Amino acid sequence: MEGSRIRYQALDKAMAKLADVARQREASVHMPRLATGGAGGDWEVVEALIRQNFDGLDKGVWVYDLPPRQTQHSLEF
């Protein structure tokens, strides 16, 4: 994807490791909507990786939409 800074293969590998740990610890996984902000990733691709890696996880996966970032600028003269 043009302009994207996400490396899907690296994300897939990290998710696979996290899924292994979650299964070992019988834990749920919670995350923001990964790679779709500044990294410019495609959510449909990321969602497919989440489904692939965490399929059958007993405690589930929770994906959150974070509130928009509010930046404040102050200038002092």
Side-chain angles (χ1 to χ4, degrees):
M1 171 179 280
E2 189 175 320
S4 176
R5 297 188 316 223
I6 184 69
R7 294 186 339 237
Y8 294 112
Q9 187 174 18
L11 181 60
D12 183 42
K13 187 176 179 180
M15 284 185 188
K17 287 182 180 182
L18 178 58
D20 287 343
V21 170
R23 285 185 178 90
Q24 289 170 5
R25 296 183 180 188
E26 298 179 2
S28 59
V29 174
H30 299 254
M31 66 181 85
R33 192 178 284 245
L34 298 171
T36 59
D42 181 339
W43 174 247
E44 290 184 13
V45 174
V46 175
E47 182 181 14
L49 292 174
I50 292 169
R51 291 183 182 280
Q52 173 186 321
N53 282 290
F54 297 103
D55 183 48
L57 188 66
D58 290 339
K59 300 286 183 167
V61 177
W62 304 87
V63 179
Y64 300 96
D65 287 317
L66 299 177
R69 179 181 287 178
Q70 295 181 2
T71 57
Q72 296 179 352
H73 302 280
S74 70
L75 300 174
E76 292 184 31
F77 295 93

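None of these values were measured; they are calculated from a predicted model.
- With rounding to the nearest 0.5 angstrom, the CD1 atom of Ile50 is 7.5 Å from the CG atom of Leu11.
- Interatomic distance, CE of Met31 versus OH of Tyr64, reported as 10.5 Å (0.5 Å rounding).
- Counting non-hydrogen atoms of neighbouring residues, nucleotides and ligands closer than 6.0 angstrom, the CZ atom of Arg23 exceeds 12 such neighbours.
- Considering CG of Asp20 and CG of Leu18, their distance stands at 9.0 Å, rounded to 0.5 Å.
- To the nearest 0.5 Å, atom CZ of residue Arg25 and atom NZ of residue Lys59 are 14.5 Å apart.
- In this view, Val45 and Tyr8, Asp42 satisfy the side chain to side chain contact (heavy atoms under 4.5 Å, CB included) rule, not counting sequence neighbours.
- In plain terms, the two heavy atoms of Ala35 and Ile6 that are nearest each other are CB-CD1, 3.5 Å.
- Taking all atoms of both residues into account, the shortest heavy-atom contact from Phe54 to Met15 is CZ-O, 3.7 Å.
- Shown here are the side chain to side chain contact (heavy atoms under 4.5 Å, CB included) partners of Asp12, two or more places apart in sequence or in another chain: Leu49, Gln52, Asn53.
- Here the shortest heavy-atom pairing between Ala22 and Leu57 reads CB-CD1, 3.9 Å.
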